[in-house]
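Below is one structure, written out as structure tokens, with a few remarks after it.
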Amino acid sequence: MDKILDNAINEAVNLVREVSEYLLCDMDDKKVLTKSGDANFVTEIDLKVQEIMIKGLKEILPESNIIAEETNENDFTLGKYTWILDPVDGTTNLMYGYKYSCIALGLVVDGRPYAGIVYNPYLKELFTARKGEGAFVNGKPITVSDNKILENCLITIGTSPYDKGKADETFRITKNVFLKCRDIRRSGSAALDICNVAAGRTDGFYEMELRPWDYAAASVILEEAGGCITEWSGDKLSYIREHQAMATNGHIHFELKEVINSK
Ligand code: IPD
Ligand code: CA
Ligand code: CA
């Protein structure tokens, strides 16, 4: 691999670990600022983590574009190097002290997803992957599950909580999936949901509306672990806009896609 990129990714991993300390601070510090909609919150922690991450990433790769959730002026183009950052994925969990959130950082190179870093400081689990080099949790290789039929599968879902207008469709689909799979879970962090598929802890995940920072980092980790992530139509994700996204161990991709798209 390109030496510059290799060093940049190693430095980014260290940065993510350091900054994750902010997620662990006292509940009293979690002052909530409402952004928009029913449940779309941003805390001072999201803003602080993002500020430090952006400063650090600019030093690591000065010529890179950074697409980050809490920025109003994102440039949604994929140049030579594009970082895609969710400073806190699982903000609602953070606000409630649910202890299941992460920092998610993806790197797209020349328009192609190249590296993913997802760190959950509560479990001290660092998921990493680089194109063609496999996926790891805390340095140990991970692979997707071997479950080949939906009936044997544990599926996580996202509820698209910031647009309650999607609820009827989300829960209609979820009833169909629930009746065909073993059981359903809802964690509150899409990035960790996708990493859990990568680690073989669950078999699939889907959500009606996911944004690039929710899926960019974890998608590389999942694909390097042998899994598959697409639009509900089966098309590729763009990394520059929202999608109806589904992530699986690969074996059940077609079956889950059929159930999601059935009436
Ligand atoms: C949210 C979480 C959640 C998912 C939402 C995301 P945030 O991200 O990933 O699980 O259902 O669609 O927006 O707001 O916590 O960064
Ligand atoms: Ca998110
Ligand atoms: Ca976020």
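Looking at Val220, Leu78, Leu237, Ile229 one by one, the single match for side chain to side chain contact (heavy atoms under 4.5 Å, CB included) with Pro113 turns out to be Val220. Partner of Leu126 under the side chain to side chain contact (heavy atoms under 4.5 Å, CB included) criterion, chosen from Ile117, Val118, Val137: Ile117.
If you take NZ on Lys131 and CG on Leu107, they are separated by 12.0 Å, rounding to the nearest 0.5 Å. To the nearest 0.5 angstrom, Lys140 atom NZ is 9.5 Å from Glu125 atom CD. We find the CG-CD1 distance between Leu85 and Ile67 to be 10.5 Å, quoted to the nearest 0.5 Å. For the atom pair CD (Gln244) and CG (Leu210), the distance works out to 10.0 Å, reported to the nearest 0.5 Å. Taking CD1 of Ile66 as the start and CD1 of Ile84 as the end, the distance is 11.5 Å to the nearest 0.5 Å. The distance from atom CD1 of Ile173 to atom CD of Glu207, rounded to the nearest 0.5 Å, is 11.5 Å.
Hydrophobic cluster membership is shared by Ile45 and Ile54, with clusters built from Ile, Leu, Val, Met, Phe, Trp and Tyr side chains linked at under 4.5 angstrom. Under the 4.5 Å side-chain heavy-atom criterion for Ile, Leu, Val, Met, Phe, Trp and Tyr, Leu105 and Phe76 are members of distinct hydrophobic clusters. One hydrophobic cluster, built from ILVMFWY side chains closer than 4.5 Å, cannot hold both Val49 and Leu192; they sit in different ones. Hydrophobic clustering, with ILVMFWY side chains joined whenever heavy atoms are under 4.5 angstrom apart, keeps Val16 apart from Phe136. Residues Ile240 and Leu57 do not share a hydrophobic cluster, clusters being chains of Ile/Leu/Val/Met/Phe/Trp/Tyr side chains in contact below 4.5 Å.
Side chain of Asn147 to backbone of Leu154: no donor-acceptor contact under 3.5 angstrom is found. The main-chain N or O of Val259 is found under 3.5 Å from a side-chain atom of Ser262 such that the two form a donor-acceptor pair. No donor-acceptor pair closer than 3.5 Å links the side chain of Asn261 to the backbone N or O of Ser233. A donor-acceptor pair under 3.5 Å is formed between the side chain of Tyr122 and the backbone N or O of Leu23. Judged purely by atom type and a 3.5 angstrom limit, Asp203 has no side-chain atom pairing as donor or acceptor with the backbone of Ser145.
Nearest approach of Ser101 to Pro121, heavy atoms of both residues: O-CD, 3.6 Å. Closest non-hydrogen pair, Ala8 versus Trp83, comes out as O-CH2, 4.3 Å. Nearest approach of Ala245 to Trp232, heavy atoms of both residues: O-NE1, 3.0 Å. For the pair Ala198 and Ala225, the tightest heavy-atom approach, listed with the atom from each and the gap, is O-CB, 3.4 Å. Considering all non-hydrogen atoms of both residues, Gly250 and Cys228 come closest at CA-CB, 4.0 Å.
Residues Leu61 and Ile4 have side chains in contact (heavy-atom distance under 4.5 Å, counting atoms from C-beta outward). Between Cys102 and Tyr119 the shortest side-chain heavy-atom distance does not fall below 4.5 Å. Using a 4.5 Å heavy-atom cutoff, the side chains of Asp2 and Val109 are not in contact. For the pair Arg182 and Asn152, the minimum side-chain heavy-atom distance is below 4.5 Å. Looking at heavy atoms from C-beta onward, Ile221 lies in side-chain contact with Ile142 at the 4.5 angstrom threshold. Contact of the Met53 side chain with the Leu15 side chain is registered, since non-hydrogen atoms from C-beta on lie closer than 4.5 Å. Using a 4.5 Å heavy-atom cutoff, the side chains of Leu5 and Tyr81 are in contact. Considering only heavy atoms from C-beta on, Leu94 comes within 4.5 Å of Thr43 through its side chain.
Counting only residues at least two apart or in different chains, salt bridge (charged side-chain N to carboxylate O under 4.0 Å, His left out) contacts with residues 12-23 are absent. Residue pairs meeting the side chain to side chain donor-acceptor pair (under 3.5 Å) criterion with at least one partner in residues 185-198, sequence neighbours excluded, are Asp89-Ser189, Tyr100-Asn196, Thr159-Arg186, Asp183-Arg185, Ser187-Asp193, Asn196-Arg201. Annotation: salt bridge (charged side-chain N to carboxylate O under 4.0 Å, His left out) contacts involving residues 252-261, sequence neighbours excluded, are absent. Note on residues 142-152: pairs passing salt bridge (charged side-chain N to carboxylate O under 4.0 Å, His left out), not counting sequence neighbours, are Asp146-Lys148.
For Glu231, the side-chain hydrogen bond (donor to acceptor under 3.5 Å, both in side chains) partners two or more places apart in sequence, or in a different chain, are His243. Thr71 pairs by the side-chain hydrogen bond (donor to acceptor under 3.5 Å, both in side chains) definition with Gln50, not counting sequence neighbours. Residues passing the side-chain hydrogen bond (donor to acceptor under 3.5 Å, both in side chains) test with Asn93, sequence neighbours excluded: none. When the salt bridge (charged side-chain N to carboxylate O under 4.0 Å, His left out) test is applied to Glu59, the partners found at least two apart in sequence or on another chain are Lys55. For Tyr239, the ring-ring contact (aromatic ring centres under 6.0 Å, His included) criterion is met by Tyr215, not counting sequence neighbours. For Thr91, the side-chain hydrogen bond (donor to acceptor under 3.5 Å, both in side chains) partners are Asp46, not counting sequence neighbours. Not counting sequence neighbours, the partners of Cys181 by the side chain to side chain contact (heavy atoms under 4.5 Å, CB included) test are Leu150, Ile155, Val177, Ile184.
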> Run the salt bridge (charged side-chain N to carboxylate O under 4.0 Å, His left out) check on Glu169 and Lys166 step by step: do they pass?
Replying inline: CA-CA 6 Å; Glu169 191 60 352; Lys166 294 195 160 64; over 6 Å; no
>> Run Tyr206 and Thr248 through side-chain hydrogen bond (donor to acceptor under 3.5 Å, both in side chains) and show every step you take.
In response: CA-CA 9 Å; Tyr206 63 90; Thr248 70; over 6 Å; no
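Other residues, nucleotides and ligands contribute only 12 or fewer heavy atoms inside 6.0 Å of the NZ atom of Lys180. When the shell of 6.0 Å around CZ of Arg172 is examined, it contains more than 12 heavy atoms from other residues, nucleotides or ligands. Summarising the local packing, CZ of Phe254 is surrounded by 12 or fewer heavy atoms from other residues, nucleotides or ligands at distances under 6.0 Å.
Between the side chains of Thr92 and Tyr98, no donor-acceptor pair is found at a separation under 3.5 Å.
Cluster partners of Ile149 are absent, since no Ile, Leu, Val, Met, Phe, Trp or Tyr has side-chain heavy atoms less than 4.5 Å from it.
The pair Arg130-Asp6 meets the salt-bridge criterion, since a charged nitrogen lies less than 4.0 angstrom from a carboxylate oxygen.
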